[in-house]
Enquirer: 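Questions regarding the structure given below will be posed in turn.
Predicted model, so just to flag it, every value in this text is computed and none were measured. Chain letters run A, B, ... following the sequence lines, proteins first, then strands; residues in each count from 1. Only heavy atoms go into these numbers, but all of them, side chains included; no hydrogens, no water, no symmetry mates.
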Protein chains: 4
Amino acid sequence: MMYSLTDRSVSESPAGEHHTLESPARRKDIPPQRRRQILDAARELFAQGGYHGVTVEAIAERVGVSKGNIYWYFKSKQEIFQLLFDDIVEKLFLPLAGALEGEAPAVEKLRALARYTLDAAEKEENVEALHFMWQIGVQPELHKLLPSDYSHWVSPFIEHLTPLFEEMGDATPEGAAQLYLIMLDACWFVGALRPDFYDREAIMAAIEDKFLNPGRRQDA
Amino acid sequence: MMYSLTDRSVSESPAGEHHTLESPARRKDIPPQRRRQILDAARELFAQGGYHGVTVEAIAERVGVSKGNIYWYFKSKQEIFQLLFDDIVEKLFLPLAGALEGEAPAVEKLRALARYTLDAAEKEENVEALHFMWQIGVQPELHKLLPSDYSHWVSPFIEHLTPLFEEMGDATPEGAAQLYLIMLDACWFVGALRPDFYDREAIMAAIEDKFLNPGRRQDA
Amino acid sequence: MMYSLTDRSVSESPAGEHHTLESPARRKDIPPQRRRQILDAARELFAQGGYHGVTVEAIAERVGVSKGNIYWYFKSKQEIFQLLFDDIVEKLFLPLAGALEGEAPAVEKLRALARYTLDAAEKEENVEALHFMWQIGVQPELHKLLPSDYSHWVSPFIEHLTPLFEEMGDATPEGAAQLYLIMLDACWFVGALRPDFYDREAIMAAIEDKFLNPGRRQDA
Amino acid sequence: MMYSLTDRSVSESPAGEHHTLESPARRKDIPPQRRRQILDAARELFAQGGYHGVTVEAIAERVGVSKGNIYWYFKSKQEIFQLLFDDIVEKLFLPLAGALEGEAPAVEKLRALARYTLDAAEKEENVEALHFMWQIGVQPELHKLLPSDYSHWVSPFIEHLTPLFEEMGDATPEGAAQLYLIMLDACWFVGALRPDFYDREAIMAAIEDKFLNPGRRQDA
DNA sequence: CATGAATGAGGTTTCATTCAT
DNA sequence: TATGAATGAAACCTCATTCAT
């Protein structure tokens with residue numbers, strides 16, 4: 001079975017109802033600006049310290065409100081965490097999946113995927129988000145806190161990539177697909193955590209040379 | 001400046017004395033069996049839940065001893081964490097660095113590095129260790145708990161790899177070095193966290209094809 | 001060197017910042033009522049059981065609040081102890097020192113000192129405070145917990161008293177000064193700990209007769 | 001009612017049986033040298049840190065034995081404390097009481113009492129013992145741990161002293177008696193805790209001058 | 001006698017959460 | 001909305017005591 005990559009089914013969580021970022025359950029809606037501030041602060045802190053390493057007090061302090069106030073906007077620390085997760089999936093993962101759809105030739109799709117990934121890794125605003133996601137990827141215990149199945153979001157990609165490498169005449173299409181994904185994944189990681197030895201141009205060139213240069217075999 | 005990769009300077013920690021795994025402060029040594037049990041249980045749990053997600057009580061329970069007994073063998077939760085870190089660095093990172101030393105040709109060294117990495121990723125016993133290390137990589141806050149500087153162990157590799165790709169006549173040696181490292185790093189990650197879509201042979205074949213096949217350029 | 005007896009330098013503690021009784025770090029100020037209750041309860045208990053003999057739980061119980069709530073008002077058990085110490089020094093020791101200043105004749109100063117001391121020993125509210133201070137005087141280990149040097153508060157007195165006895169023409173001024181101080185000290189002790197055999201009038205009469213009766217020598 | 005000062009009824013404690021210092025219950029008896037070492041170490045430590053401020057581990061460490069071994073010689077920390085109390089009462093308080101018995105004139109008895117007290121305050125070996133006793137005097141909570149009633153040992157003195165001052169023709173015999181006792185008490189305190197401003201000769205001279213010089217009135 | 005090991009109660013402190021105002 | 005205050009569970013750690021060897 002092959003999942004659609006852009007099918008948005010996060011919200012039908014088995015863990016029960018949880019709200020979108022912008023429309024709280026208990027409130028009218030117009031000035032939920034404070035809501036955003038809290039979520040932003042929480043993302044920053046979670047990215048650095050992990051779920052258990054961050055206290056509600058710390059989030060409140062960073063926003064500049066009282067601890068109690070947090071609970072007017074969100075019903076628990078866990079809910080904040082879930083909302084952030086969903087938000088990031090939507091903003092970061094879904095567009096990425098979009099790069100693979102459409103009618104472009106395989107090499108273009110793969111190139112677009114790489115470009116999108118490397119671009120995202122560099123944007124200041126994404127660094128925290130990526131950090132955040134790695135926390136979750138790395139701590140299976142946290143999956144219990146999440147509204148949707150984490151692996152649900154990663155698995156499908158591999159199935160989409162293999163045919164593309166086949167189409168390109170790659171000698172080892174399945175391995176290439178895995179490696180490609182792993183590599184892009186890791187580029188995010190490295191871009192986020194160790195920007196000092198992350199050189200976008202050099203890496204993109206290497207990717208072009210090693211994965212996206214269909215000519216090299218023809219030259220032989 | 002280029003660090004030696006096998007220089008074992010972890011123990012000269014700025015955080016002060018901490019003991020090696022086998023010669024604790026309070027124990028003579030003959031049956032350090034219980035000690036091992038505790039460390040093993042702790043590694044398992046830390047790998048799943050992260051430092052803050054694991055309680056000393058949980059560790060004790062898994063070993064089947066009382067909470068207080070843990071403190072007979074270790075002076076704090078943090079000490080356990082540090083000892084595990086050092087142990088893993090020694091058992092996993094140092095041998096990896098060893099693969100790059102000696103007089104073999106560049107391609108052999110790079111192949112050895114990849115083989116060692118992929119092998120390690122598969123060994124059941126390493127999975128937890130890798131999990132554990134990613135926790136730390138991903139939570140900068142935890143670095144404060146560690147006896148030695150975390151980045152100290154990762155940075156030097158990049159400097160060692162570039163000349164090897166140059167020696168191989170690679171078109172983009174620096175980018176290749178970065179990519180190679182990132183990719184192997186990520187193989188560990190994927191092997192540990194998502195063994196379901198980790199196919200060692202396919203990946204190794206792709207690596208051979210894309211990074212270690214010097215012939216393709218000569219053919220052109 | 002002779003310290004000024006009323007120089008208030010307690011707060012410039014080497015142990016770092018700690019707040020006065022009335023202006024804590026976390027509290028605005030209006031109803032510091034609970035704060036006072038806690039401090040009062042703590043003083044009572046410390047006076048009976050000593051620092052290590054009293055648990056935070058016990059303090060909370062006596063006030064009728066939860067253990068956790070104590071930590072909303074104070075950051076640690078030790079801080080409570082320090083604040084009590086400072087408070088008592090200010091309320092009990094400093095006024096005592098004040099009795100020795102000014103231009104009155106020696107005999108008046110000494111009499112005032114004795115009166116103040118005996119009065120203080122009788123006031124119900126001071127009993128605990130004196131108890132409290134003796135705990136500290138008697139347990140050198142506790143000095144480490146204190147914000148200022150304990151002996152700093154006692155030593156200077158002796159130097160102030162000797163000249164007064166000289167001025168009175170006492171036959172053994174230095175011994176008298178020591179004895180006088182020791183005696184008053186002990187009056188506090190006895191008044192606090194063994195009120196059953198503490199007779200203020202009898203003692204004051206004896207003090208007048210033995211220390212403050214300059215006429216007896218002139219009669220000779 | 002007037003207690004006899006030398007009546008040795010400590011051991012008939014209401015708290016139940018407890019053994020003398022030299023003859024343990026569970027052991028033959030010959031080499032209870034280790035017992036002494038433990039008691040000595042305990043006294044030293046208790047004198048500094050109070051009952052609750054000292055751990056059995058600390059006592060064991062100072063003696064150089066294992067914690068468990070302490071429990072071969074004594075059945076509990078409390079028992080050690082009790083034994084030390086009894087020992088000190090016997091060695092320090094009882095001889096003091098002895099000074100008041102016999103047929104000597106009042107002034108000689110009072111002088112002997114003062115001499116004994118001041119001597120005891122100076123002997124190195126008594127400093128800890130006095131420290132120890134003050135701990136107890138100052139922490140009413142500890143009285144519960146003791147085998148006999150603490151006040152039992154102090155109260156009788158006052159009744160013995162008043163007649164002596166009467167016999168001397170003192171103007172305020174009861175006050176004098178109280179003050180005398182208080183003062184000597186405090187001399188111990190000061191001698192033990194603040195030896196720096198304790199000058200035995202000066203104090204003894206002042207005592208002679210103020211309390212024991214019956215001639216001054218005759219001079220008048 | 002002596003020790004290393006183990007236990008469990010209890011100590012200090014933290015923290016998610018609630019609630020009155 | 002927002003806060004200060006309060007709670008109670010649970011976290012880390014200590015320590016008196018026991019026990020097998």
Enquirer: Given side chains that start at C-beta, do those of F46(B) and H131(B) come closer than 4.5 Å, heavy atoms only?
Expert: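 Heavy-atom side-chain distance check fails, nothing below 4.5 Å.
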Enquirer: Kindly indicate whether the side chain of H52(C), heavy atoms from C-beta on, has any atom under 4.5 Å from the side chain of L142(C).
Expert: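 Sidechains of L142(C) and H52(C): in contact.
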Enquirer: Given atom NZ of K67(B) and atom C1' of dA11(F), what is their separation to the nearest angstrom?
Expert: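 From K67(B) NZ to dA11(F) C1': 8 Å.
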Enquirer: Nearest nucleotide by nearest heavy atom, which residue falls closer to the 5' end of DNA chain E, S76(C) or V65(D)?
Expert: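 Checking each residue's closest nucleotide, the 5'-ward one belongs to V65(D).
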Enquirer: Answer with base, sugar-phosphate or nothing: what part of the nucleic acid does V63(A) contact at a heavy-atom distance below 4.0 Å?
Expert: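 V63(A): no heavy atom of the nucleic acid under 4.0 Å.
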Enquirer: Figure out the CD1/P separation between I38(D) and dC1(E), and round it to whole Å.
Expert: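 Atom CD1 in I38(D) sits about 11 Å away from atom P in dC1(E).
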Enquirer: Taking only side-chain N and O atoms of Y71(A), does any of them lie within less than 4.0 angstrom of OP1 or OP2 on dT3(F)?
Expert: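 Looking at the OP1 and OP2 atoms of dT3(F), neither is under 4.0 Å from any side-chain N or O of Y71(A).
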Enquirer: Is the ring centre of F74(C) less than 6.0 Å from the ring centre of F81(C)?
Expert: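 For F74(C) and F81(C), the ring centres are not under 6.0 Å apart.
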Enquirer: Can you check the R35(D) CZ to dC1(E) C1' distance for me, whole Å?
Expert: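 Atom CZ in R35(D) sits about 14 Å away from atom C1' in dC1(E).
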Enquirer: Report yes or no: do R36(A) and Q33(A) form a side-chain donor-acceptor pair below 3.5 Å?
Expert: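 Absent: no donor and acceptor within the cut-off.
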Enquirer: Rounded to the Å, how far apart are E57(D) CD and dG4(E) C1'?
Expert: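 Answer to the nearest Å: 12 Å.
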Enquirer: Which nucleotide in the list dC12(F), dA16(E), dA16(F) gets nearest to the side chain of V56(B)?
Expert: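 Nearest to the side chain of V56(B) among the choices is dC12(F).
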Enquirer: Can you check the F74(A) CZ to dT18(E) P distance for me, whole Å?
Expert: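 In whole Å, dT18(E) P and F74(A) CZ are 15 Å from each other.
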Enquirer: Rounded off to whole Å, could you give me the CD1-to-C1' distance for the I70(B) and dT14(F) pair?
Expert: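 So the two atoms are 15 Å apart, to the nearest Å.
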Enquirer: Is any side-chain nitrogen or oxygen of N69(A) closer than 4.0 Å to OP1 or OP2 of dT3(F)?
Expert: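 Result: yes.
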Enquirer: Pick the C1' atom in dC1(E) and in dT21(F), then give their distance to the nearest Å.
Expert: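 So the two C1' atoms sit 12 Å from each other.
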Enquirer: Is there a Watson-Crick or G-U wobble partner for dT18(E) with both distances under 3.5 Å, and if so, which one is it?
Expert: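 Check on dT18(E): paired to dA5(F), both distances under 3.5 Å.
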Enquirer: If I take atom CD in residue Q37(B) and atom C1' in nucleotide dA5(E), what distance separates them, rounded to the nearest angstrom?
Expert: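 In whole Å, dA5(E) C1' lies 13 Å from Q37(B) CD.
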Enquirer: Identify which nucleotide among dA6(E), dA5(F), dC15(E) has an atom closest to any side-chain atom of W72(C), counting heavy atoms from C-beta outward.
Expert: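 Of all the options, the side chain of W72(C) is nearest to dA5(F).
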Enquirer: Quick check for you: among dG8(F), dA6(E), dA11(F), whose closest atom lies nearest to any side-chain atom of S66(B)?
Expert: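 It is dA6(E).
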Enquirer: With a cut-off of less than 4.0 Å, is there a side-chain N or O of R34(B) near OP1 or OP2 of dA6(E)?
Expert: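 Yes, such a contact exists.
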Enquirer: Take atom CD of Q78(C) and atom C1' of dG11(E), then tell me their distance rounded to the nearest Å.
Expert: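 About 15 Å, once rounded to whole Å.
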Enquirer: Would you mind reporting whether R43(A) and D87(A) have side-chain heavy atoms less than 4.5 Å apart?
Expert: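 Of all side-chain heavy-atom pairs linking R43(A) with D87(A), at least one is under 4.5 Å.
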Enquirer: Determine whether a donor-acceptor pair (one donor, one acceptor, N or O, separation below 3.5 Å) exists between the side chain of K77(D) and the base of dT17(F).
Expert: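 No, no donor-acceptor pair under 3.5 Å.
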